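Below: one structure, written as structure tokens.
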Amino acid sequence: MKEIEVLTRELYADTPQGTLYHYTTFSGLLGIVNSRALWASDIRYMNDSAELRHTANLIAAEVRERIDSGHADSGLLSLFVDWVSHRITNGRMLFGASFRSHGNLLSQWRGYSSPGRGVSLGFDPDYILRCAKRQRFMIGKCIYEPARQRALIRQVVDAVEELAAGLAREDCPAGERSTLYRSAFSAVETDLLRIAAILKHPSFREEKEWRVVSPVFANRADSPILFREGHAMLVPYIEFDLSLDGRPLVMDHLYLGPTANINISMNSLGMFLEQNGIVPQRGIEYCQIPFRQR
């Protein structure tokens with residue numbers, strides 16, 4: 001579907017210019033350094049599936065508006081909403097890893113690291129882009145503005161309507177028409193997933209998130225899927241390889257999160273990185289946020 005493919009390419013055309021930060025725990029840091037990889041989670045499981053649900057809600061709102069205004073084919077639109085709701089949990093798989101433009105946000109320390117055990121790993125954007133290109137990942141800047149999100153969803157629904165109209169004749173039997181409509185939906189699923197991966201609720205706008213997203217996997221058996229423990233379920237993930245030419249990880253900067261043991265924690269963190277051949281170009285820095293035991 002040319003129109004929606006062009007839209008997806010445009011959305012992923014932005015290039016990050018500043019350091020990209022990944023928040024994690026000490027346990028996460030040990031895993032990242034030892035494996036030279038980040039865990040890219042199935043986006044359906046990010047924030048307890050709220051990620052894709054946000055896009056599904058935007059689509060449902062756009063469809064309701066069109067039906068209320070007297071759309072000629074309300075059956076097509078209603079079927080599309082039902083299909084989207086089903087495919088959120090049962091469709092193709094897309095994996096993503098998150099980076100932030102700001103490496104020292106209190107909200108991120110609270111959300112992504114345990115009290116006194118958090119770090120923010122800063123990477124040069126060109127380094128991440130090279131890693132992404134080698135693995136056929138794309139990198140996109142998350143979109144938070146409601147007006148822009150609604151405009152994008154209108155374009156998606158327009159594309160679906162156009163494709164469906166080209167497949168189904170007016171004299172098609174109802175059952176055949178429904179089958180043809182679903183084939184139209186399937187044709188846009190990959191691009192719809194990639195768009196949904198970077199549409200985030202406006203309340204998260206301070207994060208200024210960039211997301212690296214994997215190729216779309218249609219066959220689970222052929223996917224290099226691993227599993228980790230989430231808050232209330234097992235979370236599927238794949239590894240985003242951070243090594244280039246077999247060399248140690250290259251970090252640009254690192255923040256130590258709020259802790260009651262600043263000096264000795266900074267010391268052991270430096271020793272660990274040095275032992276693994278990692279020398280952040282701009283050094284290691286304490287976040288300067290007072291530690292509060294929760």
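Predicted, not measured: the structure shown is a model, and the values here were computed from it. One is the number of the first residue; the rest follow in order along the sequence.
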Point to revise | Intermediate values then yes/no, side chain to side chain contact (heavy atoms under 4.5 Å, CB included), Ile32 and Thr24 | key: CA-CA 9 Å; Ile32 290 167; Thr24 189; 4.2 Å; yes

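- In this structure, CZ on Arg194 lies 9.0 Å from CD on Glu5, to the nearest 0.5 angstrom.
- There is no path of hydrophobic side-chain contacts, each under 4.5 Å, that joins Phe240 to Met138.
- Counting heavy atoms from C-beta outward, Phe217 and Ile238 have side chains that approach closer than 4.5 Å.
- With sequence neighbours left out, Arg64 forms a side chain to side chain donor-acceptor pair (under 3.5 Å) with no residue at all.
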Which atom pairs, donor and acceptor, lie under 3.5 Å between side-chain atoms of residues 145-153 and protein residues at least two apart or in another chain?
{"unit_1": "Gln149", "atom_1": "OE1", "unit_2": "His54", "atom_2": "NE2", "d": "2.8"}
{"unit_1": "Gln149", "atom_1": "NE2", "unit_2": "Ile143", "atom_2": "O", "d": "2.8"}
{"unit_1": "Gln149", "atom_1": "NE2", "unit_2": "Lys200", "atom_2": "O", "d": "2.7"}

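- Remark: Glu189 engages Arg87, Arg92 in a salt bridge (charged side-chain N to carboxylate O under 4.0 Å, His left out) (not counting sequence neighbours).
- Residue pairs that meet the salt bridge (Lys or Arg N to Asp or Glu O under 4.0 Å) test with at least one member in residues 134-143, sequence neighbours left out, are Arg134-Asp241.
- A heavy-atom distance below 4.5 Å is not found between the side chains of Phe272 and Ile278.
- Using a 4.5 Å cut-off on side-chain heavy atoms (C-beta onward), Tyr45 and Met233 make contact.
- Distance check: Ser85 OG to Asn90 CG gives 9.5 Å after rounding to the nearest 0.5 Å.
- In this structure Tyr12 satisfies the ring pair (Phe, Tyr, Trp, His ring centres under 6.0 Å) test with no other residue, sequence neighbours excluded.
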Point to revise | Leu163 and Phe185: CA distance, side-chain angles, deciding distance, side chain to side chain contact (heavy atoms under 4.5 Å, CB included) verdict | key: CA-CA 9 Å; Leu163 182 57; Phe185 305 157; over 6 Å; no

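- Scanning both residues, Leu193 and Val216, for their nearest heavy atoms gives CD1-CG1, 4.1 Å.
- Gln155 is linked by a side chain to side chain donor-acceptor pair (under 3.5 Å) to nothing, counting only residues two or more places apart in sequence or in another chain.
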Check your understanding: Could you go step by step and tell me if Ile59 and Leu192 meet the side chain to side chain contact (heavy atoms under 4.5 Å, CB included) rule?
Key -> CA-CA 11 Å; Ile59 290 173; Leu192 180 58; 4.1 Å; yes

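- Other residues, nucleotides and ligands place no more than 12 heavy atoms under 6.0 Å from the CG atom of Asn263.
- Following chains of ILVMFWY side-chain contacts shorter than 4.5 Å, one cannot reach Tyr237 starting from Ile225, and the two form parts of different hydrophobic clusters.
- Side chain to side chain, Asn104 and Trp109 meet the donor-acceptor criterion of an N or O pair below 3.5 Å.
- Counting all heavy atoms, side chain and backbone alike, Cys287 lies closest to Tyr255 at CA-CD2, 4.2 Å.
- Pairs engaging residues 20-43 under the salt bridge (Lys or Arg N to Asp or Glu O under 4.0 Å) rule: Asp42-Arg44 [sequence neighbours left out].
- Taking the side chain as every heavy atom from C-beta outward, Leu105 and Arg100 never approach each other to under 4.5 Å.
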Check your understanding: Would Ser78 and Ile67 satisfy side chain to side chain contact (heavy atoms under 4.5 Å, CB included), going step by step from the backbone distance to the final call?
Key -> CA-CA 9 Å; Ser78 297; Ile67 291 176; 3.7 Å; yes

Let me check something: any side-chain donor-acceptor pairs from residues 121-131 under 3.5 Å, sequence neighbours excluded? List them with distances.
{"unit_1": "Asp124", "atom_1": "OD1", "unit_2": "Asp126", "atom_2": "N", "d": "2.8"}
{"unit_1": "Asp124", "atom_1": "OD1", "unit_2": "Tyr127", "atom_2": "N", "d": "3.4"}
{"unit_1": "Tyr127", "atom_1": "OH", "unit_2": "Leu242", "atom_2": "O", "d": "2.3"}

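- Under the 4.5 Å side-chain heavy-atom criterion for grouping Ile, Leu, Val, Met, Phe, Trp and Tyr, Leu226 is not connected to Val235 through any hydrophobic cluster.
- Every pair tested for salt bridge (Lys or Arg N to Asp or Glu O under 4.0 Å) that includes a residue from residues 73-84 fails, sequence neighbours excluded, so the list is empty.
- With no hydrogens or angles considered, a side-chain donor-acceptor pair links Ser107 and Glu206 at under 3.5 Å.
- Counting all heavy atoms, side chain and backbone alike, Glu239 lies closest to Ala37 at CB-CB, 4.0 Å.
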Practice item. Would you check, one step at a time, whether the test ring-ring contact (aromatic ring centres under 6.0 Å, His included) holds for Phe204 with Tyr144? Key: CA-CA 7 Å; Phe204 296 106; Tyr144 304 94; 7.8 Å; no

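- Sorted by first and then second residue, the salt bridge (Lys or Arg N to Asp or Glu O under 4.0 Å) pairs involving residues 261-277 (not counting sequence neighbours) form an empty list.
- When only modelled atom types and interatomic distance are considered, Gln108 and His102 share no side-chain donor-acceptor pair under 3.5 Å.
- Contact between Ala60 and Val81 at its shortest, heavy atoms only, is CA-CG2, 4.2 Å.
- Atom OG of residue Ser265 and atom CG of residue Leu256 lie 4.5 Å apart, to the nearest 0.5 angstrom.
- Linking Ile, Leu, Val, Met, Phe, Trp and Tyr whenever their side-chain heavy atoms come within less than 4.5 Å leaves Ile195 and Ile139 in two separate clusters.
- Put simply, the side chain of Glu161 reaches to within 4.5 Å of the side chain of Arg66, judged on heavy atoms.
- Side-chain contact of Ser41 with Arg228: a donor-acceptor pair under 3.5 Å is present, judged by distance alone.
- Evaluation of the ring pair (Phe, Tyr, Trp, His ring centres under 6.0 Å) rule for Phe26 yields no partner, not counting sequence neighbours.
- Leu77 has its side chain out of reach of Val160: every pair of non-hydrogen atoms, C-beta onward, lies at least 4.5 Å apart.
- Contact detail for Ala197 and Arg211: the closest heavy-atom pair is O-NH1, 2.8 Å.
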Distance-only donor-acceptor hits, side chain of residues 247-254, under 3.5 Å, sequence neighbours excluded:
{"unit_1": "Arg247", "atom_1": "NE", "unit_2": "Leu244", "atom_2": "O", "d": "3.2"}
{"unit_1": "Asp252", "atom_1": "OD2", "unit_2": "Thr19", "atom_2": "OG1", "d": "2.7"}
{"unit_1": "Asp252", "atom_1": "OD2", "unit_2": "Arg282", "atom_2": "NE", "d": "3.1"}
{"unit_1": "Asp252", "atom_1": "OD2", "unit_2": "Arg282", "atom_2": "NH2", "d": "3.3"}
{"unit_1": "His253", "atom_1": "ND1", "unit_2": "Tyr21", "atom_2": "OH", "d": "2.8"}
{"unit_1": "His253", "atom_1": "NE2", "unit_2": "Glu285", "atom_2": "OE1", "d": "3.0"}

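- Residues Phe95 and Ile88 do not share a hydrophobic cluster, defined by chaining ILVMFWY side chains whose heavy atoms lie under 4.5 Å apart.
- When all heavy atoms are compared, the tightest approach of Ile284 to Gly270 is CD1-CA, 3.8 Å.
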